[in-house]
Asker: 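Structure below; questions to follow.
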Amino acid sequence: MATRTATRVPSRTKVTRKPTRKTAPKRTGSKSKSWFPKMTFLDRVPVSETFIDRAITGLTVGVIGLAAAGFAWMSGMPGYIGTELAQAAGRAGFAVKR
């Protein structure tokens, strides 16, 4: 006598379990007051925020420009440019009379 075993048919619906989320306990105590009011730096300065933005941008561009000019001067770039301009003027037909 042959025994039959039942084959299981997979279900079409998928059961998913999401992890439960624990919330932090709420504080019931009073908050301590600080000596100073909570203000940002821009709130304390008596100028507008756009002025500060423009000033910082201008200072950054100025520092980068000064650094580039200093690097060019240290590498001898102004002397090289002057020599090349003098030679170009000489090739164009200009002469210096003493």
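Numbers for residues simply follow the sequence, beginning at 1.
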Asker: In a table with atom names and distances, give each donor-acceptor pair under 3.5 Å that connects a side chain of residues 63-75 to protein atoms at least two apart or in another chain.
Answerer:
residue : atom : partner : partner atom : Å
S75     : OG   : F71     : O            : 3.2
S75     : OG   : A72     : O            : 3.0

Asker: Tell me, which pairs form a side-chain hydrogen bond (donor to acceptor under 3.5 Å, both in side chains) where one or both residues lie in residues 46-68, sequence neighbours left out?
Answerer: S48-T50

Asker: Please set out all donor-acceptor pairs under 3.5 angstrom arising from side-chain atoms of residues 78-92, sequence neighbours excluded.
Answerer:
residue : atom : partner : partner atom : Å
T83     : OG1  : G79     : O            : 2.9

Asker: V47: what forms a side-chain contact (heavy atoms from CB on, under 4.5 Å) with it, not counting sequence neighbours?
Answerer: V45, F51, I52

Asker: Share the residues that join V61 in a hydrophobic cluster, the rule being Ile, Leu, Val, Met, Phe, Trp or Tyr side chains under 4.5 Å apart at the heavy-atom level.
Answerer: none

